[in-house]
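Numbering of residues begins at 1 and proceeds along the displayed sequence.
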Amino acid sequence: MDTTTTLTAPSRLTDAELATELVECEATLRRQYSRMLTMLGEAERRDIARKLGYRGLFAFLKEELRLSTRDSHARLREVAATEPIRTITGEVRPAPLAATGAALATARISREHLRDITTVFSRAPAELTVGERIEAERSLLALAAQAAPETVRKAGRELLASWTTRTELPSPEDLASPRREFRYRYSSAGHMEFSGSLDRETAATLQSLLAPLAKPRPRDEHGSRDPRSASRRRGDALAEIIEAASRADELTVQGGERAVLTATISLRDLEDRTFRAIFDVPGITSLDELRRLACESHVVPAIFGAPGEVLYLGRSSPHATKAQRRALALRDGGCAFPGCTRSPKWCAPHHVDWWPRGDAPTDIDTMVLVCGRHHRMLHHTDWQVRINRGDGLPEFVPPAWRDSRRRPMRNTAHRVSTRRAGPSRRIRCHQRASTKHKAAGKAGRTTTERKKA
């Protein structure tokens with residue numbers, strides 16, 4: 001039966017209805033792909049491909065469904081991972097990744113998420129225990145429910161690297177004196193050309209610095225993409241890192257004192273309590289942009305009289321002390337937005353209630369750590385953030401077009417790597433900060449006072 005006639009034409013949908021329809025269409029595709037895998041599992045159990053004259057199910061997929069060799073192999077691998085296994089004796093065993101298959105069937109993850117997760121476990125070492133596999137699958141699924149496949153793929157690579165490291169432990173000599181090499185020479189034009197190698201720990205540090213700086217720039221005002229190649233972007237990123245290291249004593253990280261923002265208001269407006277502030281900041285054209293900048297700035301209130309004379313110039317009011325930023329880093333682990341993997345170094349504290357609108361205190365109970373991209377989303381889209389009163393952790397409320405019930409979401413991306421080998425120092429610190437973040441802030445201030453003393 002053809003049901004397309006009952007569907008509303010896309011041109012007649014409102015913006016919210018169109019966005020909702022896109023989400024529902026994707027959910028339908030995911031559920032249908034899950035059913036396809038279930039059918040393939042049943043076809044394999046019945047061996048129908050051979051009954052129909054083919055050498056096997058792989059040949060059937062290539063000939064009848066006209067799938068590529070790569071896609072045919074991938075689907076059979078996904079069937080083996082998510083569908084129950086029937087042994088030679090007729091015994092039916094549960095699927096190795098049954099939870100992943102169930103997540104696809106309920107449209108919580110996409111086909112690409114499924115492919116990335118099954119790839120990780122197809123390469124996992126045989127030494128992994130059942131408990132470790134279950135915990136790793138649970139972590140990847142939690143991440144896939146809120147992040148793009150690229151993020152899941154990256155987390156999978158980290159898991160594989162950690163598993164490999166456990167089976168290939170470095171010798172005490174390598175740990176005491178890791179081998180690092182740096183070779184360079186100058187070209188006739190005076191450019192440095194270099195090569196070399198780094199140990200794993202140093203390489204991971206360099207990678208974490210390069211990755212965010214080497215991303216393509218946003219489209220310009222003409223809609224043009226970043227013309228730089230990947231190698232050029234990495235070269236520019238390395239130059240930024242070297243320049244920052246050369247002035248490390250005066251370097252301010254994102255999340256520190258990025259700017260000084262002077263908020264000016266007339267005495268009449270102040271007395272009328274209208275709080276219609278006028279901000280004189282180059283490059284800022286809207287109040288929302290100013291609110292975002294204020295999260296990362298020192299804000300100086302200035303009150304003017306009618307003729308224009310300055311009646312009052314207040315002292316700057318920072319939004320987060322160094323101790324508070326350390327406590328936020330421990331509590332949130334990085335950008336707290338669902339699915340984001342940015343580390344605290346590239347994040348800034350965001351005030352849940354923008355303080356010029358009221359008397360909200362500068363306290364970590366009212367702040368959340370977010371990267372630049374998601375900081376802009378909080379200020380310029382319908383996403384909202386709040387602090388859960390129960391455990392003091394941040395949770396994000398999606399727009400209604402994404403979830404009509406607007407169920408709050410939390411970031412699990414920063415916990416994936418720490419779940420793979422038991423509780424680590426970082427996880428213990430994170431748990432301690434999430435339950436005692438006030439104490440962490442006070443401890444930081446006490447340390448500062450002790451240093452001054």
Ring centres under 6.0 angstrom apart (His350, His374): no

Aromatic plane relationship, Tyr184 with Phe182 - under 30° parallel, 30 to 60° tilted, over 60° perpendicular: tilted

Over 12 foreign heavy atoms within 6.0 Å of CZ, Arg233: yes

Gln146 side chain vs Gly339 backbone, donor-acceptor pair below 3.5 Å: yes

Verdict with supporting geometry, Ser162 and Glu158, side-chain contact (heavy atoms from CB on, under 4.5 Å): CA-CA 6 Å; Ser162 69; Glu158 292 178 356; over 6 Å; no

Spacing of CZ belonging to Arg234 relative to CD1 belonging to Ile241, to within rounding of 0.5 Å: 12.0 Å

Considering all heavy atoms, the nearest Cys347-Gly334 contact: SG-C, 3.9 Å

Thr341 side, atom OG1; His414 side, atom NE2 - distance, nearest 0.5 Å: 7.0 Å

Closest contact, heavy atoms only, Gln384 versus Leu378: C-CD2, 4.2 Å

Arg133 atom CZ, over 12 foreign heavy atoms within 6.0 Å: yes

Arg31 atom CZ, neighbour heavy-atom count above 12 within 6.0 Å: yes

Short side-chain donor-acceptor distance under 3.5 Å, Ser68 and Arg70: no

Note, Pro216 side chain near Arg225 side chain (heavy atom, < 4.5 Å): no

Side chain to side chain, Leu140 and Leu159, heavy atoms closer than 4.5 Å: yes

side-chain contact (heavy atoms from CB on, under 4.5 Å) evaluation trace for Arg179 with Asp199: CA-CA 6 Å; Arg179 182 173 179 176; Asp199 61 282; over 6 Å; no

Crowding at CZ, Arg373 (>12 non-hydrogen neighbours, <6.0 Å): no

Approximate separation, where rounding is to 0.5 Å, of Tyr186 OH and His191 NE2: 11.0 Å

Closest heavy-atom pair and its distance - Trp163, Ala136: CZ2-CB, 3.8 Å

Contact check, side chains of Leu76 and Leu61, non-hydrogen atoms, under 4.5 Å: yes

Between CG on residue Leu143 and CZ on residue Arg153, distance to nearest 0.5 Å: 12.0 Å

Whether over 12 other heavy atoms sit under 6.0 Å from Arg183 CZ: yes

Minimum heavy-atom distance Pro344-Gly333, with the two atoms named: CD-O, 3.6 Å

Close side-chain approach of Arg157 to Arg123, heavy-atom, < 4.5 Å: no

Spacing of CH2 belonging to Trp401 relative to CG belonging to Asp15, to within rounding of 0.5 Å: 11.0 Å

Polar side-chain atom of Thr38 near backbone of Ser34 as donor-acceptor pair, under 3.5 Å: yes

For a quick test of your reading: what N or O donor-acceptor pairs under 3.5 Å do the side chains of residues 203-211 make, sequence neighbours left out?
unit_1	atom_1	unit_2	atom_2	d
Thr205	OG1	Glu201	O	3.1
Ser208	OG	Ala204	O	3.4
Ser208	OG	Thr205	O	2.6

Stepwise side-chain contact (heavy atoms from CB on, under 4.5 Å) check, Val79 with Leu57: CA-CA 11 Å; Val79 168; Leu57 194 54; over 6 Å; no

Side chain Asn411, main chain Phe337, donor-acceptor under 3.5 Å: yes

Contacts of type ring pair (Phe, Tyr, Trp, His ring centres under 6.0 Å), residue Tyr33, not counting sequence neighbours: none

Nearest-0.5 Å distance, CZ of residue Arg75 to CG of residue Leu40: 7.0 Å

Close side-chain approach of Arg30 and Arg111, heavy atoms under 4.5 Å: no

Donor-acceptor pair, side chain of Asp403 and main chain of Pro398, under 3.5 angstrom: no

Partner of Thr100 by side-chain hydrogen bond (donor to acceptor under 3.5 Å, both in side chains), out of Glu78, His113, Glu137: Glu137

side-chain hydrogen bond (donor to acceptor under 3.5 Å, both in side chains) partner of Asp71, chosen from Arg115, Lys62, Arg66: Arg115

Candidate pair Cys335 and Val370, rule side-chain contact (heavy atoms from CB on, under 4.5 Å), full reasoning: CA-CA 4 Å; Cys335 179; Val370 287; 4.2 Å; yes

Side-chain heavy atoms of Gln324 within contact of Pro349, under 4.5 Å: no

Close side-chain approach of Trp383 to Pro399, heavy-atom, < 4.5 Å: yes

Flag side-chain contact, heavy atom, 4.5 Å: Glu44 against Glu83: no

Closest contact, heavy atoms only, Pro338 versus Met409: CG-CB, 3.7 Å

Residue pair Val385 / Pro394: nearest heavy atoms and the distance that separates them: CG2-CB, 4.5 Å

Note: Arg228-Asp236 ion pair, threshold 4.0 Å (strictly below): yes

